[in-house]
Amino acid sequence: MQCGSFELLKKSTQCGARLGRLHTTRGVVDTPVFMPVGTQGSVKSISTEQIRDTKAQIILANSYHIYLRPGLEIIKKAGGIQKFNSWNGPMLTDSGGFQIFSLNSFRKINSEGVEFRSHIDGSKHFLSPEISMKIQKAIGADIIMCFDECTPYPSTFEYAKNSMLLSLEWAKRCKDEFYNDDSKNTQALFGIVQGSIFKDLRKESALKMRDMDFVGYAVGGVSVGESKEEMMNVVEATVPYLPENKARYLMGVGMPEDIWNSVERGIDMFDCVIPTRNGRNGQAFTSTGKVNIKNGEYKEKFEPLDPECDCQACRGYTKAYLNHLFRSQEILALTLLSLHNIHFMIKLTDKIKKALETDTFLEAKKEFFTKYYSNK
RNA sequence: GGGGGUGUGGCAGAGUGGUCUAAUGCAUCAGACUGUAAAUCUGACGGGCUUGCCCUUCGGUGGUUCAAAUCCAUCCGCCCCCA
């Protein structure tokens with residue numbers, strides 16, 4: 001089966017949610033899926049072994065970061081990113097498009113591409129759709145992304161339109177570059193819909209991307225500061241114009257509530273730094289809501305973080321101990337909470353999948369949130 | 001016995017006449033984080049309320065001064081050196 005192809009297994013009769021299977025060179029991914037982010041080829045503070053324990057099916061890496069360090073030569077010599085980090089499973093690389101947004105003070109955009117100053121040493125680098133494709137081919141992830149501009153929020157309609165058209169133009173160039181060799185046999189290129197929060201732009205972008213016939217589609221330019229309501233409006237304005245038989249990936253999302261709400265509207269794939277970043281900063285997601293484990297109230301709570309969770313952190317340790325680890329700045333604190341949060345997100349998608357099998361998505365969602373918000 | 005130094009908010013430690021409720025760091029208390037420049041960042045941190053102001057703080061007491069953490073006297077505590 002072609003890498004990146006999507007098998008639609010079941011559609012909810014209640015909403016837009018769907019159960020599916022994404023085929024990749026290194027394995028099958030059941031959707032809806034949450035993909036932990038390992039920007040530099042490593043999910044921060046967590047070993048590949050531990051990532052497997054969380055039952056994550058596919059992880060992300062960032063081509064911009066890997067290109068800067070260790071560099072493509074080393075990745076090639078290693079035999080590709082999956083061998084380098086010994087994950088050996090499905091992976092996805094982002095194109096560097098998000099860095100146009102997040103490193104905005106270090107770059108200059110023109111229609112040809114983007115000039116970056118390395119955030120590491122200030123050196124100049126140029127990224128274009130063609131270069132991004134070459135980089136992502138060299139890294140060798142199963143799924144690679146078009147080089148786009150992640151449009152900042154807020155943007156004027158005019159800026160958002162030009163940005164969306166630029167990403168469209170770049171998408172064509174990505175395709176041309178991607179399909180000029182045998183990489184297409186082992187990798188899949190996904191297109192990215194832009195258009196900020198403007199429905200017309202989202203529709204236009206989605207339809208034109210659809211015409212380009214990508215293997216899969218992403219909704220980009222969300223989770224950049226807009227409200228949750230706006231984010232859902234974007235999803236609703238985009239999904240109806242994407243082909244049903246292809247995967248839909250909402251980039252950079254999200255929180256548990258975002259996952260439920262987006263799956264409900266027809267999204268299949270997610271990635272987000274939240275479980276790991278917030279984990280490192282002391283915030284845990286639990287079945288009864290968010291917990292800031294650093295807070296004083298947990299100093300003497302000799303009970304697991306989440307009694308419903310069977311991750312390493314919850315199996316072996318108490319809130320009091322995790323609180324102590326954070327207060328004493330022990331490295332283990334970062335690992336355990338990151339691990340827990342990833343596990344939580346994976347379990348959440350498991351719940352969703354199970355509910356879709358029995359066509360009870362809305363009931364499951366209600367059950368989840370009744371508990372999740374019960375403490376607040 | 002002689003000489004020198006020092007005492008500041010939970011801790012460390014600036015400040016040596018007004019701009020001092022008193023820098024800074026730590027600790028403490030909370031909040032934020034969405035395709036990772038993040039083990040990060042923000043805010044609070046004497047008390048009161050009508051949130052602008054009022055009251056109370058720099059070892060104790062007394063004084064000088066329009067004004068004292070800051071100067072003087074004295075008491076108390078601690079540290080160092082020489083015998």
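- Residue A:Gly221 is in base contact, counting any heavy-atom pair closer than 4.0 Å across all strands shown.
- Of the nucleotides present, none pairs with B:U21 by Watson-Crick or G-U wobble criteria with both distances under 3.5 Å.
- Taking atom CG on A:Asn281 and atom C1' on B:A30, their separation rounds to 15 Å, with Å as the unit.
- Positionally, the nearest nucleotide of RNA chain B for A:Val224 lies more toward the 5' end than for the other of A:Tyr64 and A:Val224.
- Residue A:Leu334 contributes atom CG, which lies 14 Å from atom P of B:A38 at whole-angstrom precision.
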All N/O donor-acceptor pairs, side-chain side in residues 70-78 of chain A, below 3.5 Å, sequence neighbours left out:
none

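- Between the base of B:U28 and the side chain of A:Lys294 there is no donor-acceptor pair shorter than 3.5 Å.
- Contact check of residues 194-210 of chain A against RNA chain B (heavy atom, cut-off under 4.0 Å) returns A:Gln194.
- Across all strands shown, B:G9 forms no Watson-Crick or G-U wobble pair with both key distances under 3.5 Å.
- Using a 4.0 Å cut-off on heavy atoms, none of the residues of residues 165-176 of chain A approach RNA chain B.
- Taking a 4.0 Å limit (strictly below) on heavy-atom distances, residues 241-259 of chain A reaches RNA chain B at A:Met251, A:Gly252, A:Val253, A:Gly254, A:Met255, A:Asp258.
- A heavy-atom distance below 4.0 Å to RNA chain B is reached by these residues of residues 147-164 of chain A, ordered by number: A:Asp148, A:Cys150.
- Listed for the A:Gln14 side chain is a donor-acceptor partner under 3.5 Å among the backbone atoms of A:Leu362.
- Near RNA chain B, meaning a heavy atom under 4.0 Å from it, residues 98-105 of chain A has A:Phe98, A:Gln99, A:Ser102, A:Leu103 in order of number.
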